[in-house]
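These notes are about the structure you will find just below.
Source: prediction; values computed, not measured. Here is the naming used below: chain letters follow the sequence lines, and residue numbers restart at 1 for every chain.
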Amino acid sequence: MSAVGAAVRAIRAHDGSRCGELPPWCWDGGVNALLDPILRWYDAHARDLPWRRPEASAWSVMVSEFMLQQTPVARVLPVHAAWLERWPSPADLAAETTGEAVRLWGRLGYPRRALRLHAAATAIVADHDGEVPSSYDALRELPGVGDYTASAIAAFAFGQALPVLDTNVRRVHQRVLRGTEFPSDSVRAHERRDAEQLLPDDPATAASWSVAVMELGALVCTARTPACEECPIAGQCSWRAAGYPAYDGPPRRGQAWDGTDRQCRGRIMAVLRGSDEPVHATRIEAVWPDAEQRERCLASLTHDRLVVQVSPTTWALP
DNA sequence: AATGCGTGGGA
DNA sequence: TTCCCAAGCAT
């Protein structure tokens, strides 16, 4: 992907045009016309988040990106602070048990992320001399690091010019450029082309642009009830200009919860997190009466290495 | 490519 | 109250 991006920008720089599928108003003398208003808005309205401060380490950025995968900022803030205080470097975390990582993960949800972050820290110590790698490709090889997270760390921790396509950026692009309310369920090729073409060439400006668009999506161009009156590019928004047509794509994926294995696993994990000692089976039975499902979930949690069976009747964090 | 994976807050 | 969804990843 990074190689493709470099090629696209090289071609663009060579012929001096922003050839592509984007509306012509996107360009003002060959420059992204959305850049100035969005950067100005960001300057005035950005939240002061620990992982965005100049002194934030790459490790701090990386921890935040793991925690922010599907979890809102407000809930990440206290856990991120606790992690960075306890494990200021990848080596500090790698020296810890995975069980402690899961315990300090607390109720952020999707605790497999805690295991992957621990595994990533271990790999960083083993393969990168304990320093968070800066290249997209090296980051992408770490457990739990997909396209978004690799791009985000490379851009925000190391100032590289990589497109960052998270759910916020995708929604902003879809509305402004494509005139519809929501993007598809998976990232399409045209979205990458859009992001590549809008990305400023200067690395520092590119990183600022990416975080600013993300913030705009998080605070103004929200999924529900967007605050268009506060939007710096409302006048250029295709969705707004079209009269906010309602979403008419395929049904968006919702997640069942009541009675699911995920709920059962969550209950079991909550019990184990709350105990420093192995927990007797009766305490697990107390939170999930259905024996068949309980056993299935205990087995899947064991398979995931989120729990270990300590004795025939007791369970614990690994 | 479709599905499974936690949790809690806001509309 | 119910529903929606929040900086995704792995399989």
Heavy atoms under 4.0 Å, any strand shown: does [X] hit a base, just sugar-phosphate, or nothing?
X      : value
A:V145 : sugar-phosphate
A:W51  : base
A:A223 : sugar-phosphate
A:L306 : nothing

- [ ] Return the 5'-most residue of the pair A:R224, A:R116 with respect to DNA chain B, ranking by each residue's nearest nucleotide.
- [x] A:R116
Measure the distance from [atom1] on [X] to [atom2] on [N] and round it to the nearest whole Å.
X      : N      : atom1 : atom2 : result
A:R296 : B:dG4  : CZ    : P     : 11 Å
A:R75  : B:dG10 : CZ    : P     : 11 Å
A:Y110 : B:dG8  : OH    : P     : 13 Å
A:M67  : B:dT7  : CE    : P     : 15 Å
A:L68  : B:dG6  : CG    : C1'   : 15 Å
A:H303 : B:dC5  : NE2   : P     : 12 Å

TODO: Please figure out whether A:G146 or A:R171 has its closest DNA chain C nucleotide nearer the 5' end.
DONE: A:R171
Task: 5'-most by nearest nucleotide on DNA chain C - A:Q69 or A:P72 - done: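 Counting from the 5' end, the first nearest nucleotide belongs to A:P72.
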- [ ] Please step through side chain to side chain contact (heavy atoms under 4.5 Å, CB included) for the pair A:R296 and A:C264, ending with a clear verdict.
- [x] CA-CA 10 Å; A:R296 179 173 71 242; A:C264 177; over 6 Å; no
Mind running a 4.0 Å heavy-atom check of [range] against DNA chain B and sending the residues that fall below it, in number order?
range                       : result
residues 206-217 of chain A : none
residues 248-276 of chain A : A:R253, A:Q255, A:W257, A:D261, A:R262, A:R265, A:G266, A:R273
residues 54-66 of chain A   : none

Open item on the list: Using a 4.0 Å cut-off to any heavy atom of chain A, which nucleotides of DNA chain C are the first and last in contact, reading 5' to 3'?
Closed with: C:dC4 to C:dA10
Within 6.0 Å of [atom1] in [X], more than 12 heavy atoms from elsewhere:
X      : atom1 : result
A:D43  : CG    : yes
A:E229 : CD    : yes
A:E295 : CD    : yes

Open item on the list: Can you classify the ring geometry of A:H173 versus A:W209 as parallel (below 30°), tilted (30 to 60°) or perpendicular (above 60°)?
Closed with: parallel
- [ ] Give a yes or no on whether a salt bridge exists between A:D147 and A:R192, defined as a side-chain N under 4.0 angstrom from a carboxylate O.
- [x] yes
Open item on the list: With a 4.0 Å cut-off on N to O distance, would you call A:R252 and A:D185 a salt bridge?
Closed with: no
TODO: Could you point out which residue of A:L115, A:I268, A:T98 forms a side chain to side chain contact (heavy atoms under 4.5 Å, CB included) with A:L306?
DONE: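 Exactly one pass, corresponding to A:L115.
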Open item on the list: Determine whether A:W87 and A:W59 satisfy the following criterion, ring-ring contact (aromatic ring centres under 6.0 Å, His included), listing intermediate values before the conclusion.
Closed with: CA-CA 10 Å; A:W87 301 309; A:W59 173 240; 8.8 Å; no
TODO: Answer yes or no: side-chain N or O of A:T71 and base N or O of B:dG6 forming a donor-acceptor pair under 3.5 Å.
DONE: yes
- [ ] Can you tell me which residue pairs pass the salt bridge (Lys or Arg N to Asp or Glu O under 4.0 Å) test with a partner in residues 45-72 of chain A, sequence neighbours excluded?
- [x] A:R47-A:E215, A:D48-A:R53, A:R52-A:E215
Could you tell me how far [M] sits from [N] if I compare only their [atom1] atoms? Round to whole Å.
N     : M      : atom1 : value
B:dT3 : C:dA7  : P     : 23 Å
B:dA1 : C:dG8  : C1'   : 16 Å
B:dG8 : C:dA10 : P     : 24 Å

TODO: Drop me the distance from A:T205's OG1 to A:L39's CG, to the nearest 0.5 angstrom.
DONE: 7.5 Å
TODO: Please round to the nearest 0.5 Å and tell me the distance separating atom CZ of A:R175 and atom OG of A:S238.
DONE: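 It comes to 12.5 Å.
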- [ ] Kindly indicate, with the supporting measurements, whether the criterion side chain to side chain contact (heavy atoms under 4.5 Å, CB included) is fulfilled by A:R86 and A:E100.
- [x] CA-CA 11 Å; A:R86 180 161 172 184; A:E100 278 307 288; 2.9 Å; yes
- [ ] Please step through side chain to side chain contact (heavy atoms under 4.5 Å, CB included) for the pair A:R103 and A:L272, ending with a clear verdict.
- [x] CA-CA 8 Å; A:R103 190 187 305 282; A:L272 298 187; over 6 Å; no
Task: Residues forming a ring pair (Phe, Tyr, Trp, His ring centres under 6.0 Å) with A:W288, sequence neighbours excluded - done: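 Once residues adjacent in sequence are excluded, A:W288 has no partner under the ring pair (Phe, Tyr, Trp, His ring centres under 6.0 Å) criterion.
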